[in-house]
Amino acid sequence: MENVGEVKNDIRGEETVEALAAENQKLRREQNMLRLLCETSNSAFIYYNYQEDRIETVANWDHFFDFTVAQIGDLAKLYERVEDQYVIPLKEGFFIEKQNRDRQTFEIKLKESGLCVEVEVNIVYDEQKRPTDKIIRFKDITRMMAQKDELTYMAYYDILTGLYNRNYFIRLLGEFLRRAETENCKVAVMFLDIDDFRRVNDGIGIIAGDDLVQLFGQYLTNLMNSNVIISHFSTDIYCIGIYDPCGARSVETIYQVIRDRLRQPFRMTDGQEVNMTVSVGVAEYPESATRTLELVNCAEIVMFKAKSRGKDAIQYFNSAILEDFLQTVTIQNKLKEVVFEQNFTMFFQPQCYAASGRLRGVEALIRWKDDQGDMISPAVFIPIAEKNGAIVPIGNWVIEKSVQIFAKWREKYAYPLVLSLNISAVQCKQNDFIDSILLILEQYGVPPEEIELEITETILVDDFEETKKRLSDLRKAGIRISLDDFGTGFSSLSYLKGLPIDTLKIDKSFVDTLLTDVNTKIITESIIYMVKRLGYETVAEGVETKEQFSYLQELSCDMIQGYYTGRPMPEEGIENLLKELTKKV
Ligand code: C2E
Ligand code: CA
Ligand code: CA
């Protein structure tokens with residue numbers, strides 16, 4: 001029995017040793033892990049035990065501070081290291097046991113190193129609610145803050161000049177308008193365009209051109225305040241929004257201040273001095289327009305007017321400039337021919353097959369000639385014409401004029417082409433739209449199969465079913481339908497299914513970043529793939545380079561339209577092309 005007992009004891013002894021060894025090993029592992037954690041973390045800790053009144057610093061203390069903490073009183077040294085505004089929060093944060101709290105997190109900034117630090121204080125209490133241990137963690141969040149700042153910055157500002165970017169400006173301007181409505185105030189928009197920027201650029205070189213854009217932009221930042229917002233829209237275009245323009249922030253004063261500055265030259269980084277002038281268009285809420293984008297449009301239109309008056313000038317929006325003209329267009333139906341022929345002209349842009357490079361057709365694009373012969377972009381006046389109804393007679397003129405020219409080409413060159421026409425929602429919704437277009441085609445002897453109407457998704461918004469039916473009717477008559485600007489609206493591929501369309505135009509914004517942005521690449525590839533599976537043809541718009549062209553070719557995109565294969569050109573330009581193409585060898 002004893003033996004048995006001895007044996008048992010022995011076993012127990014061995015068990016204890018083994019258990020102890022295992023315990024030790026576990027402890028060592030934990031210590032190692034702790035050491036590794038401390039070494040690799042970008043944090044430092046202060047540990048304080050109340051009972052022993054013992055304080056210790058752990059992990060990356062040296063990363064943050066150049067002094068040691070040996071007793072609780074040493075914490076005061078920390079107060080000297082942080083920026084002034086953080087001293088009080090730090091004092092309060094360190095001693096949260098005074099408020100019976102067990103946890104608090106706050107941020108501080110260190111004076112010399114400039115580090116942003118997140119401080120987390122944790123206190124452990126015993127059953128009697130007396131504090132026993134305190135742990136303070138210092139975490140370096142400098143990089144995170146910098147990234148956050150940069151992202152916020154990029155979302156709101158133009159990196160080159162420090163002015164607001166276009167999107168954010170439009171948002172702020174919208175807020176001005178809302179406030180102006182309740183406070184019964186005015187809001188002015190000044191649209192600034194550097195005169196002859198291309199010539200300046202050619203003269204001084206592109207780099208100095210960038211300098212000029214930047215220097216002028218930086219100068220403009222000085223004029224910004226809570227009532228004056230300024231944006232750099234694009235290369236040589238700036239836009240100013242003024243809330244309640246009066247006194248020092250009246251349009252006249254701001255214009256004068258800018259002109260005074262422009263009397264002196266700008267000094268470029270390469271030392272050369274450059275003089276420049278600007279043309280300014282001004283529009284005011286609520287007189288000129290009541291909506292943000294329209295207000296900017298109006299200011300842009302009259303800026304063109306300032307240019308045509310000889311530049312270095314300011315032009316106030318005067319409804320006479322635009323509305324009178326658009327009214328004339330709407331009212332004087334009898335004078336139609338004369339009025340339209342005097343003011344508008346049609347340009348045509350080639351569309352080519354991607355695989356062969358062969359000409360497939362042309363898109364008709366309207367141009368407005370002002371009285372000085374300058375061309376005003378349809379991107380500016382079409383939205384206004386859409387709003388006041390002038391788009392209906394303008395659109396009818398576009399159809400008739402383009403079909404007339406197209407018929408002439410057909411007869412003369414007998415080259416198979418498709419004519420693409422842009423159709424606004426308002427226009428398409430007219431009751432007699434289908435009949436009138438078919439009538440024109442009949443008059444000029446053009447088969448409907450050779451016509452393609454470009455519509456945008458906005459057309460489908462109001463009355464999806466009704467519009468779908470109208471598009472189906474057009475297709476039954478033989479006319480092709482193309483969905484323009486795909487990817488800019490709310491469209492999704494699944495929603496496309498079953499839409500009565502033949503072609504889909506992938507918006508320029510995709511093509512722009514196709515070769516530089518992986519996401520765009522993936523999206524474009526899948527759009528082309530899916531769209532082909534749905535049975536539609538694809539056109540890529542705004543193709544400007546050989547690289548973009550080749551890549552889209554690789555993706556089996558059907559057609560290409562853009563400056564690379566041909567800019568929009570007057571009738572004669574296309575005629576010359578057709579002459580070349582049909583030349584007998
Ligand atoms: P859209 O239908 O998307 O027309 C394409 C626009 O992109 C045209 O501008 C064209 O000149 C431009 N573009 C073509 N290729 C390139 C390129 O490679 N690079 C760049 N940077 N731009 C390129 P445009 O002629 O100023 O027309 C602007 C918009 O005005 C058109 O956009 C269309 O929505 C509208 N529009 C033009 N003509 C008419 C019309 O007769 N009726 C209606 N309702 N809208 C029209
Ligand atoms: Ca178009
Ligand atoms: Ca388009």
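We count ligands from 1, going down the list as the structure has it; atoms in each ligand are counted the same way. Bear in mind that the values here come from a model prediction, so they are computed numbers and not experimental data.
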For the residue pair Y564 and E547, confirm or rule out a side-chain donor-acceptor distance under 3.5 Å. no
Does a donor on one side chain sit under 3.5 Å from an acceptor on the other, for Q349 and E363? no
Quick check: [X] and ligand 1, any N/O pair under 3.5 Å apart?
{"X": "Y564", "result": "no"}
{"X": "I382", "result": "no"}
{"X": "E386", "result": "no"}

May I ask you to check whether Y164 and F169 place their ring centers less than 6.0 Å from one another? no
Quick check on [X] - does any of its heavy atoms sit under 4.0 Å from an atom of ligand 1?
{"X": "Q561", "value": "no"}
{"X": "G395", "value": "no"}
{"X": "K508", "value": "yes"}
{"X": "R367", "value": "yes"}
{"X": "E541", "value": "yes"}

How does [X] reach ligand 1, by side chain, by backbone, by both or by neither, if only non-hydrogen atoms under 4.0 Å count?
{"X": "Q349", "value": "side chain"}
{"X": "D485", "value": "side chain"}
{"X": "S424", "value": "both"}
{"X": "N422", "value": "both"}
{"X": "V543", "value": "backbone"}

I'd like to check which ligand 1 atoms, numbered from 1 as shown, lie under 4.0 Å from a non-hydrogen atom of E363. 2 (O), 4 (O)
Atoms of ligand 1 close to P568 [distance to a heavy atom under 4.0 angstrom, numbered from 1]: 11 (O)
Do the numbers put R567 on top of the ring of Y563, so that NZ or CZ is under 6.0 Å from the six-membered ring centre and no more than 45° off the axis? yes
Which N, O or S atom name in D485 marks its closest approach to the Ca ion (ligand 3)? OD1
Out of A385, P378, S402, A425, indicate the one that has the non-hydrogen atom closest to atom 35 (C) of ligand 1. P378
Tell me whether atom 12 (C) of ligand 1 lies less than 4.0 Å from at least one protein heavy-atom position. no
Atom name of the N, O or S atom in E363 that lies nearest to the Ca ion (ligand 2): OE2
N/O donor-acceptor pair under 3.5 Å between T538 side chain and C557 backbone: no
How open is the angle at the Ca ion (ligand 3) from atom OE2 of E541 over to atom OD1 of D484, rounded to 10 degrees? 100°
